[in-house]
Amino acid sequence: MGIYCFLMWLSLVGLYSSVAEGVIGVNWGTMAIHPLPPKIVVQMLKDNGIKKVKLFDADQGTLSALAGSDIEVMVAIPNNMLAIMNDYDAAKRWVDRNVSVYNFNGGVQIKYVAVGNEPFLASYNGLFIHTTLPALQNIQKAINEAGLGDTVKATVPLNADVYNSPSSNQVPSAGRFRADIRDIMTQMVQFFKQNNAPFTVNIYPFLSLYANKDFPFDYAFFEGTSKPVMDNGIAYTNVFDANFDTLVSALKAAGVPDLPIIIGEVGWPTDGDINANTRYAQRFYNGLLPRLARKQGTPLRPNVDLDVYLFGLIDEDAKSIDPGFFERHWGIFGYDGQPKFPMDLSGQQPPSKLLSAAKNVKYLPKKWCVINRDGGDMSKLADNINYACSFSDCTSLGYGSSCNGLDADGNASYAFNMYFQAQGQKELSCVFQGLGKVTTQNQSTEQCNFIIQIDSPANLCSFAMLWLLVLVSWTITTIIV
Ligand SMILES: *[C@@H]1O[C@H](CO)[C@@H](O)[C@H](O)[C@H]1NC(C)=O
Ligand SMILES: *[C@@H]1O[C@H](CO)[C@@H](O)[C@H](O)[C@H]1NC(C)=O
Ligand SMILES: *[C@@H]1O[C@H](CO)[C@@H](O)[C@H](O)[C@H]1NC(C)=O
């Protein structure tokens with residue numbers, strides 16, 4: 001039976017990998033003060049039929065939880081390790097330690113290694129321009145030498161700002177790689193082609209809208225617009241297609257017209273900006289998911305089963321808010337693994353299988369920290385709010401956000417509670433020089449949720465991050481007071 005059994009097994013494996021094609025993937029970021037335990041997240045992925053995840057590192061705890069599942073994984077090398085990976089021995093160690101080691105029966109199905117994360121972002125001012133390509137080459141070489149080159153591909157998730165349309169009317173067919181990195185991009189895409197590796201791009205219609213107040217609102221969604229962009233007889237009615245096809249044109253100009261493209265990130269945030277709310281997020285996904293299910297592709301690449309990773313899986317309340325307050329609200333699930341709105345990832349219409357919540361999530365007790373007006377010196381209130389928000393997430397208080405309608409006391413209570421929850425409800429964390437007190441009464445309003453944190457150990461790494469964030473936190477605290 002030996003050889004037949006083996007062949008059957010091979011064809012089953014082949015079947016399996018083709019099942020994962022086209023099934024929607026998600027980005028699983030873990031920059032949360034109290035991250036959900038990886039085991040709970042993996043179960044949630046399974047319960048929701050999610051078969052592909054993209055990570056931002058190669059964390060051992062995360063990968064151990066994924067071991068033995070049929071979930072396909074993209075692990076990642078953070079930007080700050082790119083320079084190190086210019087040394088081949090270091091790249092080899094990284095691959096040994098973070099890829100090869102999981103390659104066994106019952107291990108982790110690593111399919112991609114993301115080398116850096118948007119390393120050519122214009123706002124990095126060229127910081128990673130000279131280290132990314134050598135890191136990519138070393139990592140792929142190490143993968144090949146480990147004998148995994150057929151199944152594991154190195155790629156580089158890039159922001160859509162690596163290409164543009166220099167023509168005056170900004171049509172997709174004029175797409176080219178950005179002039180300052182054109183040579184490097186050309187070498188990179190040729191390297192992808194040689195290795196049968198894909199191009200990975202992050203496309204954010206929300207950010208187009210956020211960055212430009214004159215951006216036509218309807219063009220960010222998928223229901224058509226009265227003013228399409230005309231390009232050689234093609235009418236572009238949404239920025240997603242136009243953006244994707246600008247890349248298709250740039251690849252063509254760089255000599256690799258058929259290079260496969262992965263959408264590494266796409267999504268819509270639900271709070272932290274006037275255009276970030278569940279209503280618009282739902283509208284966006286309701287347009288995106290069915291067209292992915294129809295394998296519609298785009299005008300320049302029609303009828304393609306796009307490989308897509310949504311951004312993101314869960315909210316991350318310790319992410320940098322440099323890009324904007326919305327940055328902590330990209331999850332299709334909230335911080336505790338509750339779906340934010342009904343949604344069918346398979347794109348069926350009408351929706352049939354809706355998102356199901358994380359199971360076995362343990363919460364802290366139903367206790368909130370609120371303002372105590374008679375307890376202390378009210379002139380110290382502003383300082384205490386600043387302090388609370390420097391070490392927790394107050395982004396929902398911002399303009400246009402879910403908790404923006406609170407009165408002054410509500411604002412203070414919200415800030416105090418976020419700090420109290422971040423600190424795992426430690427008694428001393430609700431003192432605030434006498435201005436705080438603990439209550440068992442739910443303080444939430446219809447719009448604004450006063451959360452109870454989950455009972456997981458605080459993430460010390462995220463906490464260190466929060467300390468750094470203190471430096472930039474004046475932006476939010478000045479809004480609150
Ligand atoms: C493997 O990945 C982890 C997590 O991203 C990283 O901290 C570690 O340095 C990597 N190992 C090596 C040998 O580079
Ligand atoms: C508090 O009330 C809000 C709104 O009614 C509700 O959604 C939330 O689940 C409640 N929180 C807890 C911990 O019971
Ligand atoms: C509460 O905070 C928000 C945002 O920080 C602010 O816009 C609002 O004016 C504050 N409300 C009061 C009554 O102070």
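In each ligand, atom 1 is the first atom listed, and ligand 1 is the first ligand listed.
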Name the closest protein heavy atom to [atom], giving the residue it belongs to and the distance to 0.1 Å.
atom: atom 5 (O) of ligand 2; value: Asn442 ND2, 4.7 Å
atom: atom 9 (O) of ligand 1; value: Met81 CE, 3.8 Å
atom: atom 14 (O) of ligand 2; value: Lys366 NZ, 3.1 Å

- Message: According to ring pair (Phe, Tyr, Trp, His ring centres under 6.0 Å), does anything in residues 52-93 pair up with another residue at least two apart or in another chain? List the pairs.
- Response: none
Of all the atoms in ligand 1, which lie at a distance below 4.0 Å from a heavy atom belonging to [X]?
X: Arg97; value: 11 (N), 13 (C)
X: Trp94; value: 1 (C), 2 (O), 10 (C), 12 (C), 14 (O)
X: Arg93; value: 13 (C)

- Query: Do Phe420 and Leu364 have side chains that get closer than 4.5 Å, going by heavy atoms?
  - Reply: no
Quick one: does [atom] have a protein heavy atom under 4.0 Å from it?
atom: atom 11 (N) of ligand 2; value: yes
atom: atom 7 (O) of ligand 2; value: no
atom: atom 2 (O) of ligand 2; value: yes

- Heteroatom proximity flag, Ala90 to ligand 1, N/O under 3.5 Å: no
- Query: Strictly under 6.0 Å, is that where the ring centroids of Tyr387 and Phe391 end up?
  - Reply: yes
- Run the ring-centre check on Phe284 versus Phe206 and record whether the distance is less than 6.0 Å. no
- Task: Given ring-ring contact (aromatic ring centres under 6.0 Å, His included), test Phe128 with Phe120 step by step and report yes or no.
- Result: CA-CA 7 Å; Phe128 305 109; Phe120 297 161; 8.8 Å; no
- Task: May I ask you to check whether Asn449 has an N/O atom sitting below 3.5 Å from an N/O atom of ligand 2?
- Result: no
- Message: Just to check, does Gln60 reach to within less than 4.0 Å of ligand 1 when the distance is taken from its heavy atoms?
- Response: no
